[in-house]
Amino acid sequence: MSAATPEIPTPAPTDFIRDIVATHVGEQRYPKIVTRFPPEPNGYLHIGHAKSICLNFGIARENNGQCNLRMDDTNPTKEDVEYVESIIEDVQWLIAGWADHCLGFKAKGALPVAQTVDGKPDFYAGPVPAETIGHPHAPTVEPFFASDYFDQIYGYAVELIKKGKAYVCDLSPEDTDTYRGSPDKPGKDSPFRTRSIEESLDLFQRMKNGEFPNGARSLRAKIDMASPNIWLRDPLIYRIRHAEHHHTGNKWCIYPLYDFAHCLSDYLEGITHSVCTLEFEVHRPLYDWILESLGLPRPLPHQYEFAKLIPTYMIVSKRKLIALVNDNVVDGWNDPRMPTISGIRRRGIPASALRRFVTSVGVTKFNSVTDIAVYEHAVRDELNKVALRRLAVLRPIKLVLTNIAAGQVIECNATNNPEDPNAGTRIVPISREVFIESDDFMEVPPPKYFRLRPGGEVRLKYAFIIKCDELVKDASGAITEIRCTADLDSRTGGPTSDRKVKGTIHWVSATHAIDAEVRLYDRLFTAAEPDADGDFKAHVNPKSLEVITAKLEPSLADAKLDQRYQFERLAYVALDPIDSKPGKPVFNRTITLKDAWTAKPPGR
RNA sequence: UGCCCGAUGGUGUAAUGGUAGCACAAACGACUCUGACUCGUUUUGUCUAGGUUCGACUCCUAGUCGGGCAGCCA
């Protein structure tokens with residue numbers, strides 16, 4: 001859909017992780033920097049993931065490295081191909097024109113290849129050259145899948161058993177919990193901890209063969225039940241799960257747990273820097289323990305943690321996002337109000353703006369909340385540069401120019417984008433009857449109101465200065481028509497065009513206007529931290545969407561999907577990529593223009 | 001209350017023993033055929049207490065506050 005949005009060259013960001021990478025590059029510790037973005041395909045990607053994507057791909061592109069897209073799919077009961085496909089699309093959209101050349105994809109169906117390193121057997125899962133990656137669903141390539149490594153991971157588990165570093169445990173899930181102890185009390189050894197290597201080997205194979213029901217047994221790393229770190233108290237590394245997997249089908253009935261699969265997936269792909277969020281910090285000793293216990297021949301990956309992105313007025317939790325979808329609070333994952341990447345895209349926000357925002361917040365280990373104003377500023381700033389200006393009236397009120405004859409049409413020359421001289425101009429027709437924004441007229445205005453008022457003057461942008469002569473009201477006293485005279489000499493270039501009037505308002509010719517649906521989106525929540533009290537649904541903004549029929553200048557009849565527009569003085573908008581049809585455009589309001597008047601007018 | 005991590009204006013982030021800076025926000029002003037954009041000015045900060053040092057946001061000690069960890073989730 002949307003075209004690539006290349007970055008204007010800016011100084012490469014710095015942060016503590018990039019500093020570490022820079023040190024490693026200086027030391028030539030690795031032949032190539034390889035990162036990875038490893039989502040679990042159990043939901044859609046959101047703005048928090050965007051930060052991780054930009055960090056991981058950013059590190060890769062700044063160091064001539066590579067960033068693998070990997071499905072972290074070790075839990076068949078929660079994952080689905082729908083999510084795999086959305087993830088691929090969202091990642092490619094976000095990095096298009098910026099880091100496509102670093103995207104690590106593999107040949108479709110490829111599995112790790114056996115090799116020998118320093119006389120030791122080894123496996124490696126490598127990428128396909130970036131040039132061969134085209135369309136998101138190109139038939140020859142695909143992302144990496146942790147589930148493609150199940151054979152190797154199983155082998156590593158067997159290896160651990162043989163080294164006496166893992167054992168099959170018959171404790172029930174409940175007993176396993178009890179034996180684990182609590183953070184301030186050491187755990188207790190499982191009675192199966194001393195089981196012989198041979199017996200564990202036999203049992204593990206029979207687990208694999210499907211001889212036992214779910215939960216009957218598990219494979220555990222043998223570390224230290226008294227460790228102050230819970231994750232070192234003989235953590236489970238394999239569980240029995242008789243379930244069909246979206247990628248491996250029915251081949252397996254045992255699945256490795258995250259801690260075991262993740263570090264090994266990183267190793268198999270030759271990841272150098274495994275970057276994740278803070279909650280995995282306490283898992284790092286286990287990550288290292290597994291890798292170090294196996295005596296692997298290639299350099300080991302290392303894990304680095306950073307703080308999640310949490311913008312105000314948003315929810316970033318897959319579970320809660322799912323709830324919004326399932327409860328029909330929003331219209332699907334890609335509802336333009338959702339903080340999902342697909343929702344953000346549909347809302348009309350350029351990928352470059354999203355990238356700029358998630359980069360601008362920095363990377364630290366401090367749990368912070370980011371003011372949504374920073375996000376909105378990035379969006380407006382990006383859109384200001386590229387949006388074509390158009391005239392549109394959202395809440396029309398009729399205005400008659402009494403000194404223009406019925407049927408007469410005057411062509412006005414309008415600037416397409418004052419920020420971009422190359423954007424050119426266009427003709428907008430005006431006639432005797434026009435619509436103006438109802439907010440732009442007040443019969444009894446407050447002080448410092450400089451739009452139209454009885455007896456007052458205002459400029460119709462790109463046209464002429466008008467003066468309000470009289471009002472026509474209906475029986476109830478509501479204004480039905482504003483009657484004005486136009487100073488026809490005040491057109492651009494005309495004799496009185498330099499006359500100063502304080503206000504300039506937008507308009508559309510009533511006879512030329514086209515009607516179109518405009519969806520006015522606003523923040524999804526009314527509370528800065530919607531989930532602060534644990535009840536985010538209570539803070540859903542009832543006015544997060546208002547659908548109106550607006551009056552648009554005629555040129556908007558052939559608006560383009562990839563083009564961003566600004567309805568002058570109002571908002572940035574984009575065509576809805578799903579509901580817009582030829583001849584029936586539907587516009588989504590991406591974001592309003594900043595408005596210093598209604599934000600805080602004097603006397604209010 | 002076991003272990004791990006963190007703390008710089010309203011918010012986010014820089015300064016890696018040597019002038020506390022930037023962005024957003026806010027306020028005021030200039031400009032304006034978008035009350036936008038742009039430009040200018042201003043307000044506001046190193047969690048606390050000790051210590052080391054000529055000098056501490058930075059190093060040390062103790063404390064305070066916040067976050068994370070007890071899924072066969074990731």
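Remember, predicted model here, so these are calculated numbers, not experimental data. In the text below, chain A, chain B and the rest are named by the order of the sequence lines, each starting its count at 1.
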Short side-chain N/O contact to B:C73 OP1/OP2 from A:R239, under 4.0 Å: yes
Touch class at under 4.0 angstrom, heavy-atom based, for A:L171 against every strand present: base
From B:C24, B:C73, B:C72, nucleotide with atom closest to A:R241 side chain: B:C73
Any donor-acceptor N/O pair, A:R564 side chain to A:K385 backbone, under 3.5 Å: no
Interatomic distance where CD1 belongs to A:I430 and C1' belongs to B:C33 [whole Å]: 13 Å
Mind listing the N/O atom pairs, protein and nucleotides 15-20 of chain B, below 3.5 Å?
| residue | atom | partner | partner atom | Å |
| --- | --- | --- | --- | --- |
| B:U16 | O4 | A:D19 | OD2 | 3.0 |

Sugar-phosphate, base or nothing in reach of A:R491, heavy atoms under 4.0 Å: base
Main-chain N/O of A:V168 paired to A:S200 side chain as donor or acceptor, under 3.5 Å: yes
Closest-nucleotide ordering on RNA chain B, the 5'-leading residue of A:V363 and A:Y572: A:V363
Nucleotide nearest A:W231 when distance is taken to its side chain, options B:A70, B:U34, B:C72: B:A70
Residue that, paired with A:K365, satisfies side chain to side chain contact (heavy atoms under 4.5 Å, CB included) out of A:Y304, A:F16, A:F306: A:F16
Nucleotide B:C73, atom P - distance to CD1 of A:I240 in whole Å: 12 Å
pair A:F37-A:V91: side-chain heavy atoms closer than 4.5 Å: yes
From B:U34, B:A74, B:U11, nucleotide with atom closest to A:D371 side chain: B:U11
Partners meeting ring-ring contact (aromatic ring centres under 6.0 Å, His included) with A:H24 (sequence neighbours left out): A:Y30, A:H273
Just the atom pairs and distances: protein N or O near nucleotides 2-9 of chain B's N or O, under 3.5 Å.
| residue | atom | partner | partner atom | Å |
| --- | --- | --- | --- | --- |
| B:G2 | N3 | A:P183 | O | 3.0 |

Atom-pair distance (CG on A:L309; C1' on B:G67), nearest Å: 16 Å
Distance, rounded to the nearest Å, where A:H283 contributes NE2 and B:G71 contributes P: 11 Å
4.5 Å side-chain heavy-atom contact, A:P39 and A:L45: yes
Sugar-phosphate, base or nothing in reach of A:K500, heavy atoms under 4.0 Å: sugar-phosphate
Residue A:W597, side-chain atoms from C-beta onward, closest of B:U34, B:C37, B:G35: B:G35
Cation-pi check, A:R217 onto A:F212 ring (under 6.0 Å, within 45° of axis): yes
Short side-chain N/O contact to B:A74 OP1/OP2 from A:K78, under 4.0 Å: no
N-O pairing of A:R569 and A:E437 below 4.0 Å: no
Derivation and outcome, salt bridge (Lys or Arg N to Asp or Glu O under 4.0 Å), residues A:D234 and A:K222: CA-CA 5 Å; A:D234 289 11; A:K222 190 190 286 189; over 6 Å; no
Selected nucleotide, minimal atom distance to A:S368 side chain, candidates B:A25, B:G12, B:C33: B:G12
Touch class at under 4.0 angstrom, heavy-atom based, for A:S172 against every strand present: base
Phosphate-side-chain proximity, A:T364 and B:U13, N/O vs OP1/OP2 below 4.0 Å: yes
Sugar-phosphate only, base, or nothing, as touched by A:Y449 at under 4.0 Å among non-hydrogen atoms: base
Side chain proximity check, A:S274 to A:R36, heavy atoms < 4.5 angstrom: yes
Residue-phosphate contact under 4.0 Å: A:R389 side-chain N/O, B:U34 OP1/OP2: no
Six-ring centre of A:Y44, A:K318 cation under 6.0 angstrom, axis tolerance 45°: no
Plane angle bin for A:Y287 and A:H262 - parallel if under 30°, tilted between 30 and 60°, otherwise perpendicular: tilted
Sugar-phosphate, base or nothing in reach of A:V369, heavy atoms under 4.0 Å: sugar-phosphate
Geometric class of the A:H49/A:H46 ring pair [parallel <30°, tilted 30-60°, perpendicular >60°]: tilted
Between N or O atoms, less than 3.5 Å apart, protein on one side and nucleotides 41-45 of chain B on the other: list the pairs.
none

Touch class at under 4.0 angstrom, heavy-atom based, for A:F280 against every strand present: base
Separation of B:G35 C1' from A:D595 CG (nearest whole Å): 7 Å
Touch class at under 4.0 angstrom, heavy-atom based, for A:R233 against every strand present: nothing
Length of the NZ-C1' vector between A:K51 and B:U13, whole Å: 11 Å
Touch class at under 4.0 angstrom, heavy-atom based, for A:T74 against every strand present: sugar-phosphate
Atom pairs and distances, side-chain donor-acceptor, residues 418-429 of chain A, under 3.5 Å, sequence neighbours left out:
| residue | atom | partner | partner atom | Å |
| --- | --- | --- | --- | --- |
| A:D420 | OD1 | A:N422 | N | 3.0 |
| A:T425 | OG1 | A:N413 | OD1 | 3.2 |
| A:R426 | NE | A:E553 | OE1 | 3.4 |
| A:R426 | NE | A:E553 | OE2 | 2.7 |
| A:R426 | NH1 | A:R389 | O | 3.2 |
| A:R426 | NH1 | A:T415 | O | 3.3 |
| A:R426 | NH1 | A:N416 | OD1 | 3.0 |
| A:R426 | NH2 | A:R389 | O | 3.1 |
| A:R426 | NH2 | A:E553 | OE1 | 2.8 |

For atom CZ of A:F260 and atom C1' of B:G71, their distance in whole Å: 18 Å
Salt bridge A:K502-A:E457, side-chain N to carboxylate O under 4.0 Å: no
Intermediate values then yes/no, salt bridge (Lys or Arg N to Asp or Glu O under 4.0 Å), A:E382 and A:R356: CA-CA 9 Å; A:E382 210 74 14; A:R356 197 143 76 88; 2.8 Å; yes
Touch class at under 4.0 angstrom, heavy-atom based, for A:P39 against every strand present: nothing
Between P of B:U32 and CG of A:D498, the distance in whole Å: 11 Å
Side-chain N or O of A:H506 closer than 4.0 Å to phosphate OP1/OP2 of B:U34: no
Sugar-phosphate, base or nothing in reach of A:R180, heavy atoms under 4.0 Å: sugar-phosphate
Touch class at under 4.0 angstrom, heavy-atom based, for A:E376 against every strand present: nothing
Distance test, side-chain N/O of A:R380 to OP1/OP2 of B:U38, below 4.0 Å: no
Sugar-phosphate, base or nothing in reach of A:K502, heavy atoms under 4.0 Å: base
Structure string for RNA chain B in dot-bracket form, Watson-Crick and G-U at under 3.5 Å, | interchain: .((((((..((((....[..)))).(((((.......)))))....(((((..]....))))))))))).....
Aromatic ring of A:Y258 stacked on base six-ring of B:A74, 5.5 Å, 30°: no
Sugar-phosphate, base or nothing in reach of A:K461, heavy atoms under 4.0 Å: base
Distance under 6.0 Å and angle within 45° of ring axis: A:R70 vs A:F144: no
